[in-house]
Engineer: 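Quick one: the structure is below, questions incoming.
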Amino acid sequence: MAVITTVDDLKRIYKRRVPKMFYDYAESGSWTEQTFRENTTDFDQIRLRQRVAMDMTGRTTKTQMLGEDVAMPVALAPVGLTGMQSADGEIKAARAAEKFGVPFTLSTMSICSIEDVAENTTKPFWFQVYTLKDDDFMQRLMDRARAANCSALVITVDLQMLGQRHKDLKNGLSAPPKLTVRSVADMMTKWSWGLGMLGTKRRFFGNIVGHAKGVTDPSSLSSWTAQAFDQALDWDRIAQLRKMWGGKIIVKGILDVEDARKAVNVGADAIIVSNHGGRQLDGALSSIRMLPDIVDAVGEQIEVHMDSGIRSGQDVLKAMAMGAKGTYVGRAFVYGLGAAGEAGVTKALEVIHKELDTTMGLCGETDVNALSRSNLLIPADFRGRWET
Ligand code: GLV
């Protein structure tokens, strides 16, 4: 591997190695991509308070997320089609996460199935579900996740219909990719990716195909979401899903104080402040801007996690100092996976860990759990002043 010092280095290699269709899938926001962009540029607005002559020895990034020990407060987010970024991608990412000591979350929309990941790892992972109309299928997904020893269910509540991502439509995104003149010409330049794909049989949505009824086009994400997702979702249904699961739940996709309070009321164990990486409601605020209001409202009652926009250890530090108890990376690990498989995911985690650890020291902190807003310089109007 070339000398990798940033997650962006991995992204450059990833772009060269993976078919455009899958690069575009990961690297898109919905509509104008305003929210997608602001998820990262809003992090840049927050500055760090430099402190000196404070003993920085004995630093630790260890903490807990949902009662589980983690080497740093960075879980791998559920990302659809991860097994199209690299052959058996979910297995590779789960193994890298396990060895590093951070949680891995498997997406329902994965290529490797729940069972595939369970057979190839030794520690419990988290499983993400969308809210679907088909109760039998939901129940079976949960039974499978329980049988695989998953220790938490992540319920995505911000995707009852898909935010439009123009590039996916233009590229004709599917898994496996449909063979057109354009896609074949592109794939011929991505030979190591192609060899990997020829070497695995995992090329379809492993949790769905053969398990869900009425899947008319097993390769298309958008057609299945349109048919299966429950647009009538409400908090009673979320409470019902919690009962069906019977274990810990994390509600993913909260971006509003009122919704955060509702998640507390249904007994969620944690929430993820998230705008789905800018892939759903374009025009929504960035997660890092919404985080402080939500922490202030419910941080004493529930574990508040955040995702959307984290690309570095400094971003992790800013989120933790703002009051999050954990963060998630999606794209950052996918860049590593596409660049170099399992070793690339490990590299992404190492880069983030080093940035977090060094930045903590230079801020005069030795314990990730002790970070607070006093480590940050936050622009006075960061939360925004909006008409009510
Ligand atoms: C699925 O959750 C996606 O954002 O594509």
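All ligand and atom numbering here is 1-based and tracks the order in the structure. Along the sequence shown, residues are numbered consecutively beginning with 1. Computed over heavy atoms, backbone and side chain alike; hydrogens, waters and symmetry mates excluded. As the structure is a prediction and not an experimental result, all values here were calculated from the model.
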Engineer: If we set the cut-off at 4.0 Å for heavy atoms, which region of Gln280 has an atom near ligand 1: side chain, backbone, both, or neither?
Structural biologist: neither
Engineer: Using a 4.0 Å cutoff against the non-hydrogen atoms of Tyr130, which atoms of ligand 1 qualify?
Structural biologist: 1 (C), 2 (O)
Engineer: Just wondering, do Leu349 and Met72 contact through their side chains at under 4.5 Å, heavy atoms?
Structural biologist: yes
Engineer: Would you give the length of the straight line joining atom CD1 of Ile155 to atom CE of Met138, rounded to the nearest 0.5 angstrom?
Structural biologist: 6.5 Å
Engineer: Which bit of Leu159 is near ligand 1, meaning a heavy atom under 4.0 Å away: side chain, backbone, both or neither?
Structural biologist: side chain
Engineer: For ligand 1, is any non-hydrogen atom under 4.0 Å from His276's backbone (N, CA, C, O), its side chain (CB onward), both, or neither?
Structural biologist: side chain
Engineer: Show the atoms of ligand 1 that are less than 4.0 angstrom away from any heavy atom in Tyr25.
Structural biologist: 1 (C), 3 (C), 5 (O)
Engineer: With side chains defined as the heavy atoms from C-beta onward, is the minimum distance between Phe205 and Met109 less than 4.5 Å?
Structural biologist: yes
Engineer: Which residue is it: Val316, Asn39, Ile352, Ile288? I am looking for the one with a side-chain contact (heavy atoms from CB on, under 4.5 Å) to Ile310.
Structural biologist: Val316
Engineer: Counting from 1, what ligand 1 atoms have a heavy atom of Arg165 closer than 4.0 Å?
Structural biologist: 3 (C), 4 (O), 5 (O)
Engineer: Is atom NZ of Lys190 surrounded by more than 12 heavy atoms (other residues, nucleotides or ligands) closer than 6.0 Å?
Structural biologist: yes
Engineer: Does even one non-hydrogen atom of Arg279 get within less than 4.0 Å of ligand 1?
Structural biologist: yes
Engineer: For the pair His166 and Trp31, name the ring-plane relationship: parallel under 30°, tilted 30 to 60°, perpendicular over 60°.
Structural biologist: perpendicular
